[in-house]
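Input: a single structure, listed below in structure tokens.
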Amino acid sequence: MSPPTQGIWAIVLLVLTIAAAAVFGYRVLGLYRLLRLGRDESRVDQPWRRLRDEIVVYLGQRKLLKRPYYIRGVGHALIFWGFLVITWGSADLLLRGIVGWQLPFTDTAAYAWILDIFAVAVLVSVVVAVFRRAVLRPPRMHRVPEGYVILTLIGFLMLTLLVFESAAIAATRDELGQLLRVFPPVAAALAPLISTAAGPAIFAGAWWAHVVTILAFAVYLPRTKHLHIVTTLPNVFFRSSRPRGALQLIDDIENKETFGAANVRDFSWKQLLDGYTCTECGRCSDNCPALATGKTLDPQKIVLDIRDQLLREGPKLLADAKAETTAPAHWVATKPDELWACTTCAACVEACPVTIEHIDKIVDMRRSLTLMEGAAPPEAQRAMTNIERAGNPWGEARATRGDWAEGLGIPTFAEKPDAEYLYFVGCAASYDRRNQRVARALASILKSAGVSFAILGAAETCNGDPARRMGNEYLFQLQAQQNIETLNAAAVKKVITSCPHCFNTIANEYPQLGGNYEVVHALPLVKKLLAEKKLTLTGGAAAEIVAYHDPCYLGRHNGIYDAPRDVLDAVPGVTRAEIAPHNRERGFCCGAGGGRMWMEEKMGQRVNHRRVDQLLATKSGATKVASGCPYCLIMLEEGVGAKGVQESIKPVDVLELVAARLETS
């Protein structure tokens with residue numbers, strides 16, 4: 001049927017549409033102007049990758065459909081896809097009602113079927129969403145009245161759509177026949193409930209109700225958290241093209257006067273856009289190890305606090321460019337505890353369906369605390385002082401950095417300048433006695449495989465990862481530049497690390513300062529050596545079940561999940577077990593990242609103790625738990641000791657299991 005907009009009604013619809021568009025545009029412009037209060041940041045590199053993200057992450061809703069949120073993710077995805085389909089149809093309704101134009105595809109039977117099916121799917125999803133909010137009441141979800149308003153508007157749109165479609169069919173029933181072959185199934189099934197005589201009136205009423213609701217929705221949307229329906233599109237497009245494990249560089253740091261973020265002007269426009277885009281779904285909070293163990297950190301709250309501060313102070317700053325901006329009182333009182341609880345494990349980033357970048361904000365606020373206020377926790381400050389003075393967080397003598405290799409015949413690069421690989425040992429394997437055994441294990445593996453390698457010895461210094469994540473960007477850059485100068489002077493091309501933090505920093509962050517090398521973590525390299533038959537393992541050791549723990553900086557930050565498992569599977573006598581469901585991208589942090597290795601946990605349960613609880617709860621029969629990270633090894637050993645289970649389950653590095661089974665000639 002034709003739209004019920006003959007004569008004066010077309011003008012009424014035009015006026016309503018212009019008014020709604022004007023209000024929507026005015027509010028969106030206001031939000032955009034608030035975004036521009038943030039500092040500039042370029043986010044237009046790699047356009048093809050950004051286009052791919054729009055297709056896969058935005059249109060494909062990939063992150064929503066990942067476990068463990070699959071069921072609720074399907075519901076949300078159906079609402080989203082239905083919104084896109086129905087938006088096209090809504091634009092068609094407005095154009096046809098005002099000027100008689102019809103958008104492509106909207107007059108086809110295929111589109112009518114798609115519209116019909118999505119209307120029902122969205123209605124069902126809305127009912128489920130209301131039930132979840134009102135009855136199940138997930139603890140992390142923000143339940144505010146506007147959520148019910150939006151769901152009501154969406155549900156009403158679907159109902160009116162089905163009603164006016166059914167009424168249109170009913171009004172023309174005698175002419176068409178065989179409704180199910182011509183019309184979409186649900187509308188056709190409902191049509192017999194409407195008389196032919198009443199069809200035109202019901203059609204007109206439902207049509208106008210639908211159109212007015214669309215316009216009301218547009219007016220209301222910019223004032224609610226459901227603005228993410230609009231802002232997710234640019235937020236996904238402008239997400240960071242840096243590797244996930246790489247923090248943003250402070251350029252020309254020597255000439256900067258302020259560092260980090262203490263108020264809304266200090267955040268970038270993209271960081272502020274994240275606030276508009278937060279769906280308040282709580283997925284980031286559900287997966288945060290700090291929050292799970294009783295700390296005050298809540299990743300969702302960090303994002304929403306920044307957004308609320310922008311909306312609260314932004315108008316004043318727009319009105320007066322010289323106006324002072326200050327953090328709210330609760331930021332001063334509680335924010336430091338929240339910020340220092342973060343392990344930078346990226347569980348929040350992994351879980352977020354709209355690509356919000358939590359870690360960058362947290363580290364930027366840490367930079368302000370550390371570099372502007374000198375307010376780092378005493379243990380963190382001590383670790384940074386040790387790095388600056390001795391080149392390692394423990395404060396051990398620089399000259400003893402290579403002592404772990406005494407008697408092993410491992411050359412330094414000064415002694416073997418033509419070595420193919422530099423083994424960058426890192427602070428933990430250089431100074432921590434437990435991790436020195438891992439370094440020796442890797443050295444024996446490399447020798448057995450005939451790999452040409454050397455170390456820096458005393459010339460090596462801390463890679464800078466702890467300092468950077470504790471907010472001391474200046475110290476990070478000093479350490480990084482010192483290592484880069486050393487590596488370049490030795491003409492190093494390839495680097496092996498046994499520490500994921502060293503791997504992440506040298507591979508993903510040193511290029512920001514001109515240090516470009518081919519960097520490989522030891523476990524993918526061992527997998528390659530095994531595949532090339534350069535290593536032969538024997539089955540002499542007793543059979544054992546080994547659970548694998550995913551290090552955050554190997555897994556979530558760098559996507560290395562399979563190589564460690566493949567190596568474990570290749571070790572004779574080892575049966576691999578998983579710490580399910582907390583494995584792979586859902587792996588639970590050991591608690592040491594983000595500089596927390598050198599900070600005390602003074603609140604709630606220790607993160608590593610929770611990880612050991614998860615290990616024990618699997619009842620896999622594992623007698624060992626293996627990882628590929630020195631931090632994880634230290635934390636797991638402390639955890640099993642504190643739980644009193646060190647006799648039944650032993651933390652090891654995967655490299656130790658391989659080295660113990662090397663075939664010796």
Side-chain angles (χ1 to χ4, degrees), residues 28 30-45 50 53-54 57-58 61-64 76 80 140-142 221-248 260-288 291 297-314 325 327 331 335 338-339 342 344-368 556:
V28 169
L31 294 171
Y32 172 77
R33 292 181 65 214
L34 291 180
L35 281 188
R36 298 307 301 160
L37 289 170
R39 57 180 170 80
D40 287 335
E41 182 181 9
S42 177
R43 293 276 184 141
V44 293
D45 58 326
R50 296 182 185 279
D53 285 349
E54 293 293 353
V57 179
Y58 179 69
Q61 297 285 286
R62 177 179 63 85
K63 298 194 76 175
L64 265 177
H76 194 288
F80 171 77
R140 308 299 180 204
M141 176 179 283
H142 283 221
L221 187 66
R223 300 177 66 93
T224 75
K225 79 179 185 68
H226 289 80
L227 180 65
H228 73 263
I229 294 171
V230 176
T231 58
T232 296
L233 178 67
N235 208 60
V236 170
F237 184 82
F238 291 120
R239 74 168 175 159
S240 174
S241 61
R242 289 175 277 120
R244 180 180 286 176
L247 296 175
Q248 189 169 34
N263 58 65
V264 293
R265 280 187 172 132
D266 295 330
F267 294 102
S268 74
W269 63 266
K270 172 58 173 65
Q271 291 174 326
L272 298 178
L273 178 63
D274 279 350
Y276 290 166
T277 309
C278 180
T279 69
E280 301 182 23
C281 65
R283 286 172 172 83
C284 57
S285 303
D286 284 344
N287 288 274
C288 177
L291 184 60
L297 172 64
D298 183 337
Q300 178 180 243
K301 181 175 178 293
I302 294 284
V303 175
L304 296 181
D305 279 351
I306 294 170
R307 181 199 67 187
D308 293 346
Q309 180 71 351
L310 174 65
L311 296 176
R312 183 168 45 246
E313 286 210 341
T325 175
W331 277 30
K335 190 65 67 180
E338 296 176 39
L339 299 177
C342 178
T344 66
C345 69
C348 52
V349 180
E350 174 68 33
C352 180
V354 292
T355 68
I356 287 172
E357 297 157 5
H358 308 73
I359 295 175
D360 285 354
K361 299 174 189 58
I362 290 171
V363 171
D364 269 347
M365 288 189 276
R366 281 185 174 186
R367 285 170 172 172
S368 178
R556 272 191 298 268

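What you see is a predicted model, and the numbers here were worked out from it, not measured in a lab.
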Closest non-hydrogen contact found for Arg367 with Gly260 is CB-CA, 3.7 Å
Please enumerate all residues that pass ring-ring contact (aromatic ring centres under 6.0 Å, His included) together with Phe237, with sequence neighbours excluded. none
What residues, two or more places apart in sequence or in another chain, satisfy side chain to side chain contact (heavy atoms under 4.5 Å, CB included) together with Asp360? Arg242, Leu247, Gln271, Glu357
Straight-line distance of Leu35 CG to Trp269 CH2, nearest 0.5 Å: 8.0 Å
Sequence-distant partners of Asp40, side chain to side chain donor-acceptor pair (under 3.5 Å), two or more places apart: Arg36
Approximate separation, where rounding is to 0.5 Å, of Glu313 CD and Asp308 CG: 12.0 Å
At their closest point, which heavy atom of His228 faces which heavy atom of Thr277, and how far apart are they? CB-O, 3.2 Å
Residue pair Asp266, Arg39: steps toward the salt bridge (charged side-chain N to carboxylate O under 4.0 Å, His left out) verdict: CA-CA 6 Å; Asp266 295 330; Arg39 57 180 170 80; over 6 Å; no
Drop me the distance from Ser285's OG to Asp298's CG, to the nearest 0.5 angstrom. 3.5 Å
Validation row: Val236, Val354 side chains within 4.5 angstrom (heavy atoms): no
Identify the two heavy atoms, one from Gly275 and one from Arg307, that lie closest to each other, and give their separation to 0.1 Å. O-CD, 3.1 Å
Evaluation steps, side chain to side chain contact (heavy atoms under 4.5 Å, CB included), between Thr344 and Ile362: CA-CA 9 Å; Thr344 66; Ile362 290 171; 5.8 Å; no
Between Gly282 and Gln300, which heavy-atom pair has the shortest distance, and what is it? N-OE1, 3.2 Å
With side chain to side chain contact (heavy atoms under 4.5 Å, CB included) as the test, would you mind laying out the steps for Val349 and Arg556 before giving the verdict? CA-CA 9 Å; Val349 180; Arg556 272 191 298 268; over 6 Å; no
Hey, mind stepping through Arg283 and Asp286 against salt bridge (charged side-chain N to carboxylate O under 4.0 Å, His left out) and telling me if it holds? CA-CA 5 Å; Arg283 286 172 172 83; Asp286 284 344; over 6 Å; no
What's the shortest heavy-atom distance between Ala261 and Ser368, and which atoms? O-CB, 3.5 Å
Derivation of the side chain to side chain contact (heavy atoms under 4.5 Å, CB included) call for Cys278 and Ile356: CA-CA 7 Å; Cys278 180; Ile356 287 172; 3.8 Å; yes
Once you round to the nearest 0.5 Å, how far does CD of Glu350 lie from CZ of Arg244? 4.5 Å
Measure across Arg43 and Ser240 and return the closest heavy-atom pair with its distance rounded to 0.1 Å. NH1-N, 2.7 Å
Are the side chains of Gln309 and Phe267 in contact, using a 4.5 Å heavy-atom criterion? no
Result for side chain to side chain contact (heavy atoms under 4.5 Å, CB included) between Leu310 and one of Asp305, Val264, Asn263 points to Val264
Out of curiosity, Asn287 CG to Cys352 SG, how far, rounded to the nearest 0.5 Å? 11.0 Å
Would you say Gln248 and Ser268 make side-chain contact, with heavy atoms under 4.5 Å? no
Kindly indicate, with the supporting measurements, whether the criterion side chain to side chain contact (heavy atoms under 4.5 Å, CB included) is fulfilled by Leu291 and Leu297. CA-CA 6 Å; Leu291 184 60; Leu297 172 64; 5.7 Å; no
Roughly how far apart are Ile302 CD1 and Ile359 CD1, rounded to 0.5 Å? 12.0 Å
Side chain proximity check, Cys288 to Cys348, heavy atoms < 4.5 angstrom: no
Donor-acceptor contact present, side-chain Tyr276 to main-chain Leu31, <3.5 Å: yes
